[in-house]
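Here's the structure, in structure tokens; my notes come after.
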There are 2 protein chains.
Amino acid sequence: MSEALRPMVKSRLYEQVLERLRAYVGEAGLSAGDKLPAERDLAASLGVSRASVKQAIVVLEVQGLVEARHGGGTYLVRDTLDVEPVEQLVERRKRLPEVLEAREALETKLAELAAERRTDAELEDIRRALVLMEAEIAEGGFGVEGDRRFHAAVTAAAHSSLLADFMKTIAGQITESRNESLRQPGRPSRSLAQHTAIYEAIAAGDARKAASAMRKHVRTVAKVRLLTWVPED
Amino acid sequence: MSEALRPMVKSRLYEQVLERLRAYVGEAGLSAGDKLPAERDLAASLGVSRASVKQAIVVLEVQGLVEARHGGGTYLVRDTLDVEPVEQLVERRKRLPEVLEAREALETKLAELAAERRTDAELEDIRRALVLMEAEIAEGGFGVEGDRRFHAAVTAAAHSSLLADFMKTIAGQITESRNESLRQPGRPSRSLAQHTAIYEAIAAGDARKAASAMRKHVRTVAKVRLLTWVPED
DNA sequence: CCGGTCAAGTGGCTCAGCCACTAGGCCACC
DNA sequence: GGTGGCCTAGTGGCTGAGCCACTTGACCGG
């Protein structure tokens with residue numbers, strides 16, 4: 001079998017940049033939230049044009065591994081730039097019921113505490129998250145970012161660092177369920193309504209109402225995700 | 001809740017281009033294998049720079065929806081530019097065992113027929129696929145393209161349009177299993193060895209040996225894949 | 001302490017252009 | 001006849017320079 005004239009395998013430049021970036025994040029020990037070097041610096045270091053670096057970053061962006069803030073730098077979303085293999089994804093889905101049970105327990109209590117302890121500033125944060133979610137949906141989005149901030153704000157308003165820590169350990173998996181759940185047809189707007197109910201209960205300082213509204217919300221998400229086909233509402 | 005000063009939601013230009021491209025493919029009724037307009041033309045039509053069009057195309061490229069040939073144009077891989085939702089992906093995995101059974105039945109027979117009927121030119125095609133796969137692996141890749149071409153070449157060499165049609169209907173799902181299977185550690189090189197055995201049997205015109213080598217190969221793939229999949233329900 | 005201004009840093013996007021590769025047509029030579 | 005060389009147009013790959021928009025933080029005056 002002649003080796004010399006074997007078919008060529010070409011590769012795009014941005015793919016090589018991608019490889020280098022992954023390696024860099026690993027070697028430099030970067031983790032979620034850390035800032036990547038500026039595009040111009042990366043281009044200079046790698047000896048390629050900024051356009052090629054840009055293409056690589058766009059890829060990472062659509063894969064949800066990186067977040068580019070206009071004028072503010074590019075930041076890591078996770079601790080690595082590796083895409084999750086389907087095997088792990090499926091594995092994680094099997095653990096999802098547990099995560100959602102835990103989420104229900106935690107967030108219900110968090111909503112209750114938030115209703116009792118929130119300051120006006122924290123209430124405003126929650127409201128702003130709600131408004132953002134509304135804006136996202138109005139523009140045809142899914143309201144993912146607004147959803148995320150809403151729950152983060154409620155967690156902050158509960159003033160329980162221990163519960164907050166627990167939430168942090170399942171945050172990644174909640175993110176996944178959020179992304180997928182909100183893509184269900186009609187989900188975003190109904191989700192927005194549930195969030196509004198939670199907000200109003202917290203604003204009114206009604207702890208019981210806040211807890212039950214949050215429980216209903218989390219259970220809805222769980223139902224949708226598990227494809228158990230129990231119609232909502 | 002004041003509507004006017006709600007938080008802004010920004011969007012990247014390439015995302016809008018992406019949207020337009022998806023819409024265009026739908027409206028123009030393009031299907032797999034069709035050629036997209038040239039980047040320059042797209043940029044001019046959409047009124048954006050070529051760099052932005054490029055970023056959108058890169059996204060489609062990494063999502064496997066499009067194939068850009070240097071100097072030769074950009075072509076659709078599927079009939080649509082929509083990415084497959086996770087729900088569908090999981091659903092499809094449930095059907096995978098059946099697909100692999102069908103694949104075993106079909107490909108075993110195809111290998112047998114290929115050993116008996118292949119012309120020298122077709123044998124050469126098979127060999128070239130093997131060499132490509134080897135090259136890909138040597139360069140650190142998974143040999144996905146070589147694998148694909150190998151099976152396509154064997155199918156062609158069998159001279160059975162009916163079996164070929166059957167293969168076509170499960171081609172998409174086989175592609176998925178190939179991509180995932182070949183990412184297992186050590187899989188590419190072992191897969192290459194199995195392919196080589198199949199090739200040699202076909203070259204020698206040994207139908208029984210070709211069939212059994214192919215059966216062994218397909219079963220290996222099935223095992224790898226099924227190990228990671230425990231049905232949830 | 002508050003608010004405003006300013007400059008540096010950085011991502012978003014464009015423009016113009018060169019290079020490399022593909023595909024198809026043409027033609028001379030065997 | 002067809003094989004190989006050659007040319008040309010079309011197209012993707014990549015670069016470099018540059019402008020704009022946004023973020024951030026420092027500084028300053030009230």
Side-chain angles (χ1 to χ4, degrees), chain A residues 5-21 24 30 33-77 81 121 128 132 135 139 145 149, chain B residues 5-21 24 30 33-77 81 121 132 145:
Chain A
L5 38 75
R6 60 192 192 184
M8 305 287 298
V9 179
K10 303 137 201 167
S11 82
R12 311 273 104 101
L13 226 207
Y14 75 82
E15 289 177 343
Q16 298 181 40
V17 174
L18 233 24
E19 244 358 273
R20 296 297 194 93
L21 287 179
Y24 171 75
L30 299 186
D34 287 349
K35 187 174 170 182
L36 254 47
E39 295 182 0
R40 288 168 177 80
D41 295 345
L42 285 174
S45 301
L46 297 174
V48 303
S49 75
R50 211 181 135 203
S52 297
V53 170
K54 188 77 206 160
Q55 289 176 13
I57 289 182
V58 164
V59 170
L60 294 175
E61 213 175 356
V62 300
Q63 291 180 336
L65 299 172
V66 120
E67 180 188 348
R69 301 177 197 156
H70 189 176
T74 304
Y75 297 80
L76 273 184
V77 171
L81 290 183
R128 289 176 67 84
L132 170 61
E139 299 202 8
E145 181 60 16
R149 290 197 199 174
Chain B
L5 37 75
R6 57 191 196 186
M8 307 285 299
V9 178
K10 306 130 201 170
S11 82
R12 310 275 103 101
L13 225 206
Y14 75 83
E15 290 177 341
Q16 298 180 41
V17 174
L18 232 24
E19 237 8 84
R20 295 296 194 93
L21 287 179
Y24 172 75
L30 299 187
D34 287 349
K35 187 173 171 183
L36 254 46
E39 295 183 1
R40 289 169 176 79
D41 295 345
L42 285 174
S45 301
L46 298 174
V48 301
S49 76
R50 211 183 133 201
S52 296
V53 170
K54 188 77 205 160
Q55 289 176 13
I57 289 182
V58 163
V59 169
L60 294 173
E61 213 174 357
V62 300
Q63 291 179 336
L65 300 172
V66 120
E67 180 187 348
R69 302 177 198 155
H70 189 177
T74 304
Y75 296 81
L76 273 184
V77 170
L81 289 183
L132 170 60
E145 181 60 15

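Residue numbering restarts at 1 for every chain, and letters A, B, ... go by the order of the sequence lines.
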A:Ser52 side chain N/O closer than 4.0 Å to the phosphate oxygens (OP1, OP2) of D:dT15?
yes
By side-chain hydrogen bond (donor to acceptor under 3.5 Å, both in side chains), B:Gln16 pairs with (sequence neighbours left out) B:Ser11
Could you state the atom-to-atom distance from CG of B:Leu60 to C1' of D:dG12 in whole Å?
15 Å
Taking CD from A:Gln55 and C1' from D:dT15, how many angstroms apart are they, rounded to a whole number?
11 Å
B:Thr74 vs D:dT11: side-chain N/O to OP1/OP2 distance below 4.0 Å
no
Length of the CG-P vector between B:Leu46 and C:dC15, whole Å
13 Å
Please identify each residue that fulfils side-chain hydrogen bond (donor to acceptor under 3.5 Å, both in side chains) with B:Gln63, with sequence neighbours left out.
none
Side chain of A:Lys35, heavy atoms from C-beta onward: which of C:dT14, D:dC14, C:dT10 has the nearest atom to it?
C:dT10
Picking from C:dT14, D:dG12, C:dT10, the nucleotide nearest the side-chain atoms of B:Ala68 would be D:dG12
Under 4.0 Å, counting only non-hydrogen atoms across every strand here, what does A:Ala38 touch: a base, just sugar-phosphate, or nothing?
sugar-phosphate
Taking only residues two or more places apart in sequence, or in another chain, which ones meet A:Glu19 in a side-chain contact (heavy atoms from CB on, under 4.5 Å)?
A:Arg22
Between atom CG in A:Leu13 and atom C1' in D:dC14, what is the gap in whole Å?
7 Å
State which residues pass salt bridge (Lys or Arg N to Asp or Glu O under 4.0 Å) with B:Glu39; sequence neighbours excluded, sorted by chain then number.
B:Arg50, B:Lys54
Per A:Arg12 side chain, nearest of listed nucleotides D:dC14, C:dC13, D:dT15
D:dC14
Going by the rule salt bridge (Lys or Arg N to Asp or Glu O under 4.0 Å), which residues pair with B:Arg69 if we only count those two or more places apart in sequence or in a different chain?
B:Glu67
Strictly under 3.5 Å: I want the nitrogen or oxygen pairs between protein and nucleotides 17-20 of chain D, one per line.
unit_1: D:dG18; atom_1: O6; unit_2: A:Arg50; atom_2: NH1; d: 3.3

Identify, between A:Gly72 and A:Gly47, the residue whose nearest nucleotide on DNA chain D lies closer to the 5' end.
A:Gly47
